[in-house]
Amino acid sequence: MTPDPYFFLVIFAGVSLVFPLMPLGLAWVWRRFLQPPKPGPQKNATYECGVESTGEAQMQFQSQYYLYCIIFLIFDVEAVFLVPFAVAFTGLPVGAFVALLVFLLLLLEGLVWAWSKGCLDWAQTRKTAR
Amino acid sequence: MSNQIDEGLRSELQKRGVWVTSTQELYNWGRKNSIWPLQFGLACCAIEMIATAASRYDLARFGGEVFRPSPRQADLMIVAGTVTKKMAPQIVRLYNQMPDPKYVISMGACAISGGPFKQGYNVLKGIDRYIPVDVYIPGCPPRPEALLHAFMELQRKIAGQQLTGDDKAAFLERDQPSEYPVPAFGAHDLEPSSNPNVFHPPKIER
């Protein structure tokens with residue numbers, strides 16, 4: 001008589017339960033009966049880098065970095081398109097040349113707009129970012 | 001425990017292929033072969049510590065390669081390098097946050113005594129002023145072999161620790177402190193300048 005093919009799954013589930021629970025149980029038994037507990041204010045502290053925490057945890061951070069990322073994208077995408085443009089420059093038809101100039105103009109326009117809004121100043125106040 | 005079985009009988013049994021052990025030996029064997037150091041370096045000795053952990057010297061042979069970035073998971077603090085007075089409170093606080101049993105290796109001349117900066121104004125004259133040190137390694141900096149030797153000495157110490165009886169290990173005593181007072185910055189020096197319960201300077205005989 002062959003065993004049920006799903007019987008191995010039962011064995012597998014049993015082993016996968018016992019295998020992690022056994023060391024956890026042993027550790028619990030050791031801690032419960034043999035280890036003298038020694039808690040303390042520093043040992044129970046939340047922060048664990050050696051420096052005492054100061055101030056409140058619920059404070060606000062300025063989210064200026066996304067502007068920086070967006071403006072970086074202007075230069076990044078521009079470089080990606082400019083390099084093949086420069087390589088193939090001599091063989092380009094007039095239409096492609098004009099199309100790329102329009103593209104560059106759009107990016108340049110965005111840069112000028114961001115500049116005029118004061119997004120290029122790193123240490124800006126909240127008013128100028130709006 | 002280990003004194004309950006005759007050593008001759010044990011070696012005789014071992015020759016016959018029967019290995020006799022005790023809970024204490026098994027426990028200490030497990031502990032001494034899985035010492036997890038706290039991952040931090042203070043000065044040039046830390047470079048030697050990194051070399052010890054890397055493939056050429058391979059601390060993993062002794063079970064100590066798992067450098068933990070959190071004191072909660074560390075057993076061993078390797079004070080590798082110059083301890084400035086600015087850094088000393090942080091070291092003591094990290095030591096306090098490590099769970100018992102915990103051990104300290106004082107690596108290099110600076111961590112032992114201040115080393116070449118001993119006469120200076122801003123270097124702690126030995127980390128053993130604030131926390132108990134188990135193994136000292138002289139050298140400036142000590143070679144990785146020296147750190148391995150200190151590691152083996154620590155393993156020997158752990159293997160010899162008793163779990164029961166009158167001379168059981170200190171960390172098993174309930175009234176043995178697990179936290180030591182953290183020094184604070186005073187007007188001229190750290191206050192207190194040493195922990196008298198830990199620091200016993202040698203008597204100089206003249």
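Computation of the quantities below employed the complete heavy-atom set of this structure, encompassing side-chain atoms and omitting hydrogens, waters and symmetry-equivalent molecules. We name chains A, B, ... by the order of the sequence lines, and we start the count at 1 in each one.
Of the inter-residue distances, the one linking L94(B) atom CG with S70(B) atom OG reads 9.0 Å to the nearest 0.5 angstrom.
Heavy atoms closer than 4.5 Å to chain A are found nowhere in F40(B), neither backbone nor side chain. There is no contact between M87(B) and chain A, counting heavy-atom distances below 4.5 Å.
A salt bridge is defined here as a Lys NZ or Arg NE, NH1 or NH2 lying under 4.0 Å from an Asp or Glu carboxylate O, and K43(A) with D100(B) meets this definition.
Chain A forms more heavy-atom pairs under 4.5 Å with one residue of R72(B), R174(B), E173(B) than with any other, namely R72(B).
In summary, the side chains of R93(B) and N96(B) do not present any donor paired with an acceptor at a separation below 3.5 Å, with no hydrogens or angles considered.
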* To do: Check step by step if ring-ring contact (aromatic ring centres under 6.0 Å, His included) holds for F89(A) and F97(A).
  => CA-CA 8 Å; F89(A) 184 72; F97(A) 179 72; 5.8 Å; yes
